[in-house]
Engineer: 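Structure incoming, see below.
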Amino acid sequence: MNFPLLTVTAAVPAVGAILTAAVPAARRTAAKWLALLFSLATLALAVLVAVRFDPSGDRYQLTESRSWIADFGVRYELGVDGIGVALIALTALLIPFVIAAGWNDADPLETNSSRWRPTQGFFALILMVEAMVIISFAATDVFLFYIFFEAMLIPMYFLIGGFGDRAHSGSDENAAAQRSYAAVKFLLYNLAGGLIMLAAVIGLYVVAGNFSLQEITAARAAGTLDMATNTERLLFLGFFFAFAVKAPLWPLHTWLPNAMGEATAPVAVLITAVVDKVGTFAMLRFCLGLFPDASKWATPVILVLALISIVYGALVAVGQRDIKRLVAYASISHFGFIIMGIFAMTSQGQSGATLYMVNHGISTAALMLVAGFLISRRGSRLIADYGGVQKVAPVLAGTFLIGGLATLSLPGLAPFVSEFLVLVGTFARYPVVGIIATVGIVLAALYTLVLYQRTMTGPVKEEVRTMPDLRLREVLVVAPLIALLIGLGVYPKPLTEIVNPAVEHTMSDVRQTDPQPEVEAAK
């Protein structure tokens, strides 16, 4: 029997979560190092997954299949294509930085608080989310995917509601109420999407007789599974609704600014750079794979919603006064680009969308974590409370600038490649949509540069005059992310080689080929 590498990759952070939670209350530092150690072990396993994956080999590799709930045809089936490998690697890469950045975020305010274990709980929940996300990226049984798609909401709920941002302008009671509201809103929105998806999962089983993604797609390709048009469309809508909430797509996005605003900066990164990627990944794997005809039927409406997300998110970001909420609305705009690339139904668009998932995760992590370091020094999330930071903390300001430039997709940084591919792929099939989407690029430059100008340049405000620059731990968190942004911006080939074959399979699922450019005959 082959070594169950995918299971072990997901099991290591889960075991780490249990052991971290069991560390005695007084040994908070030991719990932090233990969580970091398990996250690094998971990263090493994710690298092994990437090394063992052969882009020219079978579509799904490192597969595992065992009977689980035999009476209902549910199997424990795992397997990764190039898209899954890239996103597992992104998840495993970001978690050590999330843990290191949040090193002191969950320590109790009372130094003699040895009866409680908030620190242990904080890091254990992060590791548990990592385990569930990795399983979600590897699951090829629809029911197995659904279980972890929903289960990850529980630790995220406690991370948002129980470990909120301490930089709050109101009283402690008001801050707790805001955190509770954000956590409940996050949970209710995603549970609603999940319940609708559950009905669609059951409907899929009634139609197909099993939950295996590979068997269903093979049967559809062979013509042995005939799904009525209306049935396929209803099932597609059930799946897509849940993924659009998670993504998030306008108008199902309103939980994200609340959640990111009230969470600590590392948890905000966990939300938008890791958890939300499950939604866009699932659109590629399940919506297009299981329901190709319905996906093409819904494409015009989805492209309109994606365009609204792009322009609306960027416009609202321009007017934000809160740093973290600005990054949240910018992320809504970026997710619009990802979804537009997926449903452009071109290889460039889908390759760009997958690269966008990875590059957005890295760039958002860099910007949000530096913003978190900035906010922790001043104790305020309001843009107006800053000014002249670059004169007193030049390293902080410089890393903040690079993270911001990556967010606006500056050429030479990783997000530019993915955004360019998305726009080229969209323009090839839907030129009007591609042209309108470029408005988001202009607005991104506006909100990013205005944010930097108002916080980092100008006269030094009295409250930031004694602000310290980045410490060694914080530099070690940010520097690798900046290096990745530059490296993948200059040389994205390692990612594209893994992703492109998986995109070709997806294009085959929906029976689409790239439109050929029209060339006028020479006169």
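Both backbone and side-chain heavy atoms feed into the values below; hydrogens, waters and symmetry mates do not.
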Engineer: Would a 4.5 Å heavy-atom cut-off, applied to side chains only, mark Val370 and Ile402 as touching?
Structural biologist: no
Engineer: For Phe420, is the CZ atom crowded, meaning more than 12 foreign heavy atoms sit under 6.0 Å from it?
Structural biologist: no
Engineer: Let me check something: any side-chain donor-acceptor pairs from residues 310-323 under 3.5 Å, sequence neighbours excluded? List them with distances.
Structural biologist:
from   : atom 1 : to     : atom 2 : distance (Å)
Tyr312 : OH     : His253 : NE2    : 3.4
Gln320 : NE2    : Val316 : O      : 3.4
Asp322 : OD1    : Lys324 : N      : 2.9
Asp322 : OD1    : Arg325 : N      : 3.2
Asp322 : OD2    : Arg381 : NE     : 2.9
Asp322 : OD2    : Arg381 : NH2    : 3.1

Engineer: Could I get the full list of salt bridge (Lys or Arg N to Asp or Glu O under 4.0 Å) partners for Glu474, not counting sequence neighbours?
Structural biologist: Arg377, Arg471
Engineer: Would you check if Met152 and Asn190 make a side-chain contact, meaning some heavy-atom pair closer than 4.5 Å?
Structural biologist: no
Engineer: Okay, side chain of Lys246, backbone of Phe149: is any donor-acceptor separation there less than 3.5 Å?
Structural biologist: yes
Engineer: List for me each residue that meets side chain to side chain contact (heavy atoms under 4.5 Å, CB included) alongside Tyr157, sequence neighbours excluded, and say none if there are none.
Structural biologist: Ala183, Val184, Leu187
Engineer: Does the side chain of Leu191 reach to within under 4.5 Å of the side chain of Glu150, using non-hydrogen atoms?
Structural biologist: yes
Engineer: Do Val477 and Phe373 come close enough that some side-chain heavy atom pair is under 4.5 Å?
Structural biologist: yes
Engineer: Taking only residues two or more places apart in sequence or in another chain, which ones pass ring-ring contact (aromatic ring centres under 6.0 Å, His included) with Phe186?
Structural biologist: Trp255
Engineer: For Thr254, give me all partners under side-chain hydrogen bond (donor to acceptor under 3.5 Å, both in side chains), at least two apart in sequence or on another chain.
Structural biologist: Tyr189
Engineer: Under the side-chain hydrogen bond (donor to acceptor under 3.5 Å, both in side chains) criterion, do Tyr386 and Glu463 qualify, and how do the steps go?
Structural biologist: CA-CA 8 Å; Tyr386 296 89; Glu463 294 82 359; over 6 Å; no
Engineer: Tell me, do Glu130 and Thr42 make a side-chain contact under 4.5 Å, heavy atoms counted?
Structural biologist: yes
Engineer: Taking the side chain as everything from C-beta on, heavy atoms only, tell me whether Leu413 gets closer than 4.5 Å to Leu488.
Structural biologist: no
Engineer: Kindly say whether Val269 contributes a backbone atom to a donor-acceptor pair with the side chain of Thr272 at under 3.5 angstrom?
Structural biologist: no
Engineer: Can you list everything that forms a side-chain hydrogen bond (donor to acceptor under 3.5 Å, both in side chains) with Lys277? Sequence neighbours excluded, please.
Structural biologist: His360
Engineer: More than 12 heavy atoms of other residues, nucleotides or ligands under 6.0 Å from CZ of Phe53: yes or no?
Structural biologist: yes
Engineer: Does the side chain of Tyr447 reach to within under 4.5 Å of the side chain of Leu326, using non-hydrogen atoms?
Structural biologist: yes
